[in-house]
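One structure is given here, and the rest of the page talks about it.
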Amino acid sequence: MPAAGRPAPATTGPSASTPGPRVGLFVTCLVDLFRPTIGFAAVKLMEDAGCTVAVPRAQTCCGQPAYNSGDRADARAIAEQVIRAFEGFDYVVAPSGSCAGMISHHYPSLFEGDPAWHGRAEALAGKTHELTSFLVDVLKVTAVDARFDGSVTYHDSCSGLRELGVQAQPRRLLDSVAGLALTELRDADVCCGFGGTFCVKYPDVSAAIVGRKAQAIRESGAGTLLAGDLGCLLNMAGKLARDGTSIEVRHVAEVLAGMADGPAIGAPRR
């Protein structure tokens, strides 16, 4: 909720007199291990919109690496743990289109024909959302109380865009951030080359793809690159750093929550 003395965010969500939805935050492995501030930013955004947010300690990976590698047995075992940890919430939200897409699109197929688990997987899938989509499409948030002085460009991560239709939602919220100027990225909807295990299996192809993406980012003239998936951001930040560019890289949630004053992704700690 807003801190004392701070103006309430300009949002439209559950009113103060109406109990908000109980949301389970699916933190994601990468956020937990590499960029916890994204998780804190997600909590702040949802609490500012009237939600009660919890982070189940029993959560682990969503199972996508195993699933994409064809290891359905381990993917199912991981999915069962996620279902048990989150099925008691009104909604499940992830600051990642990739993980949200795995739960909402692929969990039901993992348990096809299993009467003990298929219904539970479908129920969880139906209430799982990517963060900006949840704020805009479910909570009907129209603006955030944040400021970011600078120019940004935005990359549309593949899973969020193609599986979940996340494209207009982050831009709608960014449009309300004071001081921010958004410059559209050439081929914003083209893969950055990360692709989870793809970049490990096909490093040369991945490197060529991210090279083209880095060139487009530089051509945008923006000082900061934003996206909604940390895996993509780590991949692009690494390439930009190797090229010696000074463009900062951040998760969109950090900017929307007004928590972009720390080091950028890949930057040394101050």
Side-chain angles (χ1 to χ4, degrees), residues 1 13-14 19-135 137-139 157 159-160 163-164 166 196-197 228-231 234 251 253-254 257:
M1 299 304 292
R22 293 185 65 251
V23 177
L25 175 66
F26 188 85
V27 176
T28 84
C29 300
L30 292 181
V31 169
D32 180 39
L33 295 172
F34 293 104
R35 193 74 171 179
T37 52
I38 296 170
F40 292 117
V43 170
K44 180 182 182 299
L45 287 165
M46 290 188 286
E47 287 185 343
D48 282 352
C51 299
T52 299
V53 185
V55 184
R57 294 178 64 87
Q59 66 178 292
T60 58
C61 176
C62 68
Q64 187 176 115
Y67 181 83
N68 288 345
S69 299
D71 184 358
R72 294 298 191 268
D74 280 331
R76 273 184 56 117
I78 295 168
E80 288 176 9
Q81 182 173 356
V82 173
I83 292 169
R84 284 192 293 264
F86 284 94
E87 60 187 347
F89 292 96
D90 299 323
Y91 297 100
V92 180
V93 175
S96 161
S98 179
C99 298
M102 176 64 191
I103 297 171
S104 64
H105 279 58
H106 302 295
Y107 272 23
S109 65
L110 273 174
F111 298 99
E112 193 70 46
D114 185 338
W117 283 98
H118 187 254
R120 295 170 71 178
E122 282 196 321
L124 191 72
K127 59 183 180 182
T128 298
H129 303 270
E130 182 274 338
L131 176 63
T132 61
S133 175
F134 179 67
L135 293 170
D137 300 329
V138 179
L139 298 183
S157 299
S159 293
E163 289 188 333
L164 305 176
V166 177
T197 56
D229 266 274
L230 183 54
L234 289 168
H251 193 283
E254 296 173 308

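In what follows, every heavy atom counts, from backbone to side chain, and hydrogens, waters and symmetry copies are set aside.
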(Q) For M46 and L131: C-alpha separation, side-chain torsions, deciding distance, then whether side chain to side chain contact (heavy atoms under 4.5 Å, CB included) applies. (A) CA-CA 9 Å; M46 290 188 286; L131 176 63; 4.0 Å; yes
Q | All pairs passing side-chain hydrogen bond (donor to acceptor under 3.5 Å, both in side chains) where residues 116-126 contributes a residue, at least two apart | A | E87-R120
Q.
Ignoring hydrogens, what is the shortest heavy-atom contact between A49 and L135? Give both atom names and the distance.
A. CB-CD2, 4.4 Å
**Q.** Min side-chain heavy-atom separation S133-L164 under 4.5 Å
**A.** no
Q. Where do L139 and P21 come nearest, in terms of heavy atoms and distance?
A. CD2-CG, 4.1 Å
Q: List in chain and number order the residues that pass salt bridge (charged side-chain N to carboxylate O under 4.0 Å, His left out) with E80, two or more places apart in sequence or in another chain; answer none if no residue qualifies.
A: R76
Q.
Taking salt bridge (charged side-chain N to carboxylate O under 4.0 Å, His left out) as the cut-off, I'd like each qualifying pair that reaches into residues 51-72, sequence neighbours left out, listed once.
A. none
(Q) Which residues pass the ring pair (Phe, Tyr, Trp, His ring centres under 6.0 Å) test with H129, not counting sequence neighbours? (A) Y91, F134
Q) Does S157 reach the main-chain N or O of G160 with its side chain, forming a donor-acceptor pair under 3.5 Å? A) no
Q.
Just so I know, are the side chains of I38 and E254 near enough to count as touching, which here means a heavy-atom distance under 4.5 Å?
A. yes
Q: To the nearest 0.5 Å, tell me how far Q59 CD sits from C99 SG.
A: 10.0 Å
Q. Taking all non-hydrogen atoms of both residues, which atom of C61 and which atom of P65 are closest, and how far apart?
A. SG-CD, 3.7 Å
May I have the list of side-chain donor-acceptor pairs in residues 22-32 shorter than 3.5 Å, sequence neighbours left out?
unit_1, atom_1, unit_2, atom_2, d
R22, NH1, G88, O, 3.3
T28, OG1, V31, N, 3.2

Q: Decide side chain to side chain contact (heavy atoms under 4.5 Å, CB included) for V82 and L124; before the verdict, give the C-alpha distance in whole Å, the side-chain angles of both, and the deciding distance to 0.1 Å.
A: CA-CA 9 Å; V82 173; L124 191 72; 4.2 Å; yes
**Q.** Shortest non-hydrogen separation from A66 to A75 and the atoms involved
**A.** CB-N, 4.0 Å
**Q.** Donor-acceptor under 3.5 Å (H251 side chain, A41 main chain)
**A.** no
Would you tabulate the side-chain donor-acceptor contacts of residues 100-108 under 3.5 Å, counting partners in other chains and residues two or more places apart, or write 'none'?
unit_1, atom_1, unit_2, atom_2, d
S104, OG, A100, O, 2.8
H105, NE2, E163, O, 2.8
H106, ND1, Y67, OH, 3.3
H106, NE2, E163, OE2, 2.8
Y107, OH, C62, O, 2.7

